[in-house]
Q: 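Take this structure, written in structure tokens, and hold onto it; I'll ask about it next.
One-based numbering, in listed order, for ligands and for the atoms of each. The residues of the chain are indexed from 1 along the displayed sequence.
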Amino acid sequence: MPLHEKESIRENVLDDIYSSLALSVALPKYKMPEQESSHRNIYQLVHDELMIDGNARQNLATFCQTWVDHEIHKLMDECIDKNMIDKDEYPQTAEIEKRCVHILSDLWHSPESKNPVGCSTTGSSEAAMLGGMALKWAWKEKMNKQGKPTDKPNLVCGPVQVCWHKFARYWEIELREIPMEGERLIMTPEEVIKRCDENTIGVVPTLGVTFTCQYEPVKAINDALDKLQQETGLDIPIHVDAASGGFLAPFCDPDLEWDFRLPRVKSINASGHKYGLSPLGVGWVVWHDADALHKDLIFWVNYLGGNMPTFALNFSRPGGQIVCQYYNFMRLGREGYRKVHQACYDTAQYLADGIEELGCFDILYNGVGGIPGLSWTLKKGIDPGFNLFDLSDRIRSRGWQIAAYAMPANRQDLVIMRILIRHGFSRDIAGILLSDLQHCIDYFSNHPNGQHSDEQESSGFKHS
Ligand SMILES: *Cc1c(COP(=O)(O)O)cnc(C)c1O
């Protein structure tokens with residue numbers, strides 16, 4: 001064997017990874033290399049690059065799960081080859097998905113929970129598309145029967161998550177989104193009724209509004225629509241976007257009527273990967289009963305063995321997230337979900353009190369009556385020497401991601417900061433965040449007008 005080959009074998013086997021020849025050059029990033037490389041080296045490079053991503057658990061802007069227990073890691077690994085669409089090959093995964101739909105249907109008080117109608121999705125966005133399509137198809141059939149045109153459907157909602165803007169555009173539906181006015185940051189029955197007519201395919205209240213974390217008043221909307229029907233004959237259904245609230249209210253607010261207890265609620269979506277506590281990639285949609293899901297939307301496929309109904313935008317999809325949803329249901333039970341979420345609510349309220357005490361903020365939402373989270377704005381009439389965008393930027397130097405953003409129409413003047421408290425965010429960590437916020441405020445007051453600090457001071461965050 002020529003000496004240079006021996007050398008290269010030796011290198012592959014023995015060298016420290018960072019002193020190896022392979023890692024002495026940068027990877028070609030936008031073109032596929034011609035040749036193979038060692039898995040050990042490339043793994044290390046990819047692994048290292050991911051280190052530059054933020055620390056997910058310090059991202060306080062996301063609603064999504066960033067902490068899962070050890071067993072979930074194991075189950076995800078064990079399920080890596082499971083395709084949930086392949087119900088013939090993986091009958092137990094299919095069975096587990098079905099059980100989850102039963103559990104949710106029961107949790108949300110469907111009268112049909114023994115024979116539920118629903119499915120898993122990739123998240124609430126896909127689930128919202130399916131719920132919205134069912135509304136559109138039901139409306140079209142109703143209009144066709146009356147011999148009326150079906151070219152101008154509309155959907156009434158409050159300040160919604162972007163998935164509803166997508167739904168409206170993709171399926172050519174006019175979105176009648178109720179703007180915020182003054183102190184009113186969510187929909188009210190009066191504002192909903194004003195926008196309803198015979199072309200309204202449905203009303204979508206959000207249980208846990210993205211911008212403010214509040215629950216929209218589903219029962220009051222339901223009752224106002226009842227009254228509208230008595231007065232005008234218009235029969236308008238509700239789909240609840242319960243992306244977060246669908247996994248919170250049943251445990252922490254069991255008397256709140258927002259679900260299938262209300263007869264107008266025909267379908268509900270929720271994100272398993274948010275307060276459902278499952279890893280990223282699972283959502284759910286459940287219908288009140290089989291009549292709420294038009295049969296034309298269901299496709300039957302026979303090429304996977306058996307004859308299987310499918311209603312989803314995707315075909316192949318990983319099964320692990322669904323299995324982990326089931327694991328959580330069994331592992332935690334109602335008691336566990338209540339305790340996990342209650343701990344988050346308590347921490348949100350603790351943080352809201354602490355942030356109020358910092359002196360320069362007004363708390364807009366303190367974690368009561370919605371999602372476990374909080375939001376605040378700068379106190380009016382004071383000049384603390386920074387705005388919330390500056391603060392968001394500064395707190396990032398400790399790894400915290402706290403979004404500062406302007407409200408949607410018509411309150412674009414209102415800039416807030418919002419934090420979501422999720423499973424895995426302890427009281428102890430909340431204390432560290434408070435002290436980091438205090439340090440930021442001190443920093444801004446010591447360096448007015450963006451004046452630069454000397455090096456020693458700017459190292460900041462000295463916890464004495
Ligand atoms: C997160 C969210 C969505 C989108 O859900 P994904 O699971 O991220 O697709 C839709 N609506 C509301 C209210 C949300 O909070």
Q: Which protein non-hydrogen atom lies closest to atom 6 (P) of ligand 1, naming both residue and atom, and how far is it?
A: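 Heavy-atom neighbour on the protein nearest atom 6 (P) of ligand 1: Ser124 N, 3.4 Å.
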
Q: Might you confirm whether atom NZ of Lys379 has over 12 heavy atoms from other residues, nucleotides or ligands at distances under 6.0 Å?
A: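 Correct, the count exceeds 12.
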
Q: List the closest protein heavy-atom neighbour of atom 9 (O) of ligand 1: residue, atom name, distance to the nearest 0.1 Å.
A: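 Ranked first by proximity to atom 9 (O) of ligand 1 is Ser125 OG, 2.6 Å.
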
Q: Applying side-chain hydrogen bond (donor to acceptor under 3.5 Å, both in side chains) to Gln325 and Arg99, what does each step give before you reach the verdict?
A: CA-CA 10 Å; Gln325 184 76 76; Arg99 287 182 207 158; over 6 Å; no

Q: Distance from Gln58 atom CD to Asp436 atom CG, nearest 0.5 Å?
A: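 Atom-to-atom, Gln58:CD and Asp436:CG are 8.5 Å apart.
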
Q: In a check of side chain to side chain contact (heavy atoms under 4.5 Å, CB included) between Met187 and each of Val204, Ile221, Thr206, Val160, which one passes?
A: Ile221

Q: What about the rings of Phe311 and Trp287, do their centers lie closer together than 6.0 Å?
A: yes

Q: Within a distance under 4.0 Å of any heavy atom of Thr206, pick out the atoms of ligand 1 and give their elements.
A: 13 (C)

Q: Pairs of nitrogen or oxygen atoms closer than 3.5 Å, one from Asp241 and one from ligand 1: do any exist?
A: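 Among all N and O atoms of Asp241, at least one is under 3.5 Å from an N or O of ligand 1.
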
Q: Check whether any side-chain heavy atom of Gln229 lies under 4.5 Å from a side-chain heavy atom of Arg264, and answer yes or no.
A: yes

Q: Show which atoms of ligand 1 fall inside a sub-4.0 Å distance from at least one heavy-atom site of Ala243.
A: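 Close to Ala243: 2 (C), 11 (N), 12 (C), 13 (C), 14 (C), 15 (O).
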
Q: I need the atoms of ligand 1 closer than 4.0 Å to a non-hydrogen atom of Gln161, numbered in the order shown.
A: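 The list of qualifying atoms is 2 (C), 3 (C), 4 (C), 10 (C), 11 (N), 12 (C), 14 (C).
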
Q: With a 4.0 Å heavy-atom cut-off (strictly under), which part of Lys274 contacts ligand 1: side chain, backbone, both or neither?
A: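 The part of Lys274 near ligand 1 is the side chain, not the backbone.
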
Q: Answer side chain, backbone, both or neither: which part of Ser271 comes under 4.0 Å from ligand 1, heavy atoms only.
A: side chain

Q: Would you check whether Cys163 reaches within less than 4.0 Å of ligand 1, judged by its heavy atoms?
A: yes

Q: For His273 and ligand 1, does the shortest N/O to N/O distance drop below 3.5 Å?
A: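 Yes, at least one N or O pair falls under 3.5 Å.
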
Q: Look at the rings of Trp67 and His423 and say which category their plane angle falls in: under 30° parallel, 30 to 60° tilted, over 60° perpendicular.
A: perpendicular

